[in-house]
Amino acid sequence: VPDVPDPEVVEILPADPATIDLEEATRVVAGGIGLVEEAHFWTMSRVAAALGASVGATRPVVDAGWTEFPRQIGTTGALIDPDLYIAVAISGAVQHTSGLGQPDHVISINTDAACPMMQIADLAVVADGPQVLVALERLLAAEEEGSDDD
């Protein structure tokens, strides 16, 4: 048998946020039915990608067909415990929040300042989720363009 060199680690690649199991994701941006339409969910998905985050959703969003079941968070979905959880247009019904574990940081964007998700958030942004997502997407794209010039 010829001498075969021991294997060596050349590179360790981080997991792809778009395909990683939600249970393993360190950052999650999730959308609720308050996004109103599927196009807003896709804007949220692009923002999540720009932030290096996985996409999550509430059951009504999955039931509406905007994303697949493996992206559903809650009692009947994935149980997550990320470092950062951003909830966009999610009221925070117990069926959803029971799947959250203890995220290190929770940001909630909702028009209802008194909803349960806003009450558990470290940062509660009282605003229209789709409008915030459009602004975030624009800012993140501008930031990315600016970093290409470095």
Side-chain angles (χ1 to χ4, degrees), residues 9-148:
V9 176
V10 175
E11 183 178 9
I12 298 176
L13 300 173
D16 180 358
T19 58
I20 191 173
D21 287 340
L22 275 178
E23 291 88 354
E24 298 177 31
T26 58
R27 295 178 186 169
V28 176
V29 178
I33 203 68
L35 288 172
V36 183
E37 58 187 68
E38 187 174 6
H40 296 150
F41 185 83
W42 291 111
T43 302
M44 185 203 73
S45 297
R46 291 188 301 273
V47 167
L51 294 172
S54 296
V55 171
T58 60
R59 182 176 179 169
V61 166
V62 172
D63 288 348
W66 298 355
T67 192
E68 300 295 320
F69 175 75
R71 300 284 117 194
Q72 181 176 316
I73 299 166
T75 306
T76 57
L79 304 177
I80 65 170
D81 196 18
D83 297 334
L84 173 64
Y85 179 68
I86 302 175
V88 184
I90 296 175
S91 65
V94 69
Q95 294 85 347
H96 180 74
T97 58
S98 65
L100 290 184
Q102 298 292 320
D104 292 344
H105 305 283
V106 176
I107 299 172
S108 179
I109 304 165
N110 203 301
T111 55
D112 181 359
C115 73
M117 186 57 71
M118 298 290 263
Q119 302 306 308
I120 65 170
D122 298 304
L123 175 61
V125 179
V126 181
D128 179 71
Q131 289 179 356
V132 170
L133 290 170
V134 167
L136 273 174
E137 184 176 33
R138 190 176 314 120
L139 287 169
L140 290 166
E143 184 178 288
E144 180 65 29
E145 287 173 13
S147 70
D148 289 344

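Atoms considered below: every heavy atom in the structure, side chains included; atoms not considered: hydrogens, waters and symmetry mates. Small disclaimer: the values here were computed from a predicted structure and weren't measured.
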Starting at [atom1] of [X], measure out to [atom2] of [Y] and round the result to the nearest 0.5 Å.
{"X": "Thr43", "Y": "Glu37", "atom1": "OG1", "atom2": "CD", "result": "8.5 Å"}
{"X": "Asp63", "Y": "Gln72", "atom1": "CG", "atom2": "CD", "result": "6.5 Å"}
{"X": "Leu139", "Y": "Glu144", "atom1": "CG", "atom2": "CD", "result": "13.5 Å"}
{"X": "Tyr85", "Y": "Thr26", "atom1": "OH", "atom2": "OG1", "result": "14.5 Å"}
{"X": "Leu79", "Y": "Ser98", "atom1": "CG", "atom2": "OG", "result": "7.5 Å"}
{"X": "Gln119", "Y": "Asp112", "atom1": "CD", "atom2": "CG", "result": "8.5 Å"}

Counting N and O atoms only, with roles assigned by atom type, does the side chain of [X] sit under 3.5 Å from a partner on the main chain of [Y], one being a donor and the other an acceptor?
{"X": "His96", "Y": "Ile73", "value": "yes"}
{"X": "Asp128", "Y": "Gln131", "value": "yes"}
{"X": "Asp83", "Y": "Arg27", "value": "no"}
{"X": "Asp104", "Y": "Leu84", "value": "no"}
{"X": "Asp16", "Y": "Ala18", "value": "yes"}
{"X": "Glu38", "Y": "Ala64", "value": "no"}

Of all the heavy-atom pairs spanning [X] and [Y], show the shortest one and how long it is.
{"X": "Leu35", "Y": "Gly31", "value": "CD1-CA, 3.8 Å"}
{"X": "Trp66", "Y": "Val36", "value": "CH2-C, 3.5 Å"}
{"X": "Val29", "Y": "Ala48", "value": "CB-CB, 3.8 Å"}
{"X": "Leu140", "Y": "Ala50", "value": "CD1-CB, 3.8 Å"}
{"X": "Leu133", "Y": "Met44", "value": "CD1-CB, 3.6 Å"}
{"X": "Gly129", "Y": "Ile109", "value": "CA-CG2, 3.9 Å"}

message: More than 12 heavy atoms of other residues, nucleotides or ligands under 6.0 Å from CZ of Arg59: yes or no?
response: no
Within 6.0 Å of CD1 in Ile12, more than 12 heavy atoms from elsewhere: no
message: As a quick check of understanding, evaluate side-chain contact (heavy atoms from CB on, under 4.5 Å) for Met117 and Asn110, giving each step before the final call.
response: CA-CA 8 Å; Met117 186 57 71; Asn110 203 301; 5.6 Å; no
message: Do Ile120 and Thr97 have side chains that approach each other closer than 4.5 Å (heavy atoms only, starting at C-beta)?
response: yes
field: Side chain proximity check, Leu22 to Val28, heavy atoms < 4.5 angstrom
entry: yes
- request: Decide yes or no on side-chain contact (heavy atoms from CB on, under 4.5 Å) for Thr76 and Gln95, but give the supporting numbers first.
  value: CA-CA 8 Å; Thr76 57; Gln95 294 85 347; over 6 Å; no
query: Taking it one step at a time, do Arg138 and Val134 satisfy side-chain contact (heavy atoms from CB on, under 4.5 Å)?
result: CA-CA 6 Å; Arg138 190 176 314 120; Val134 167; 3.3 Å; yes
field: CA sep, side-chain torsions, deciding dist, call: Glu24, Ser54, side-chain contact (heavy atoms from CB on, under 4.5 Å)
entry: CA-CA 10 Å; Glu24 298 177 31; Ser54 296; over 6 Å; no
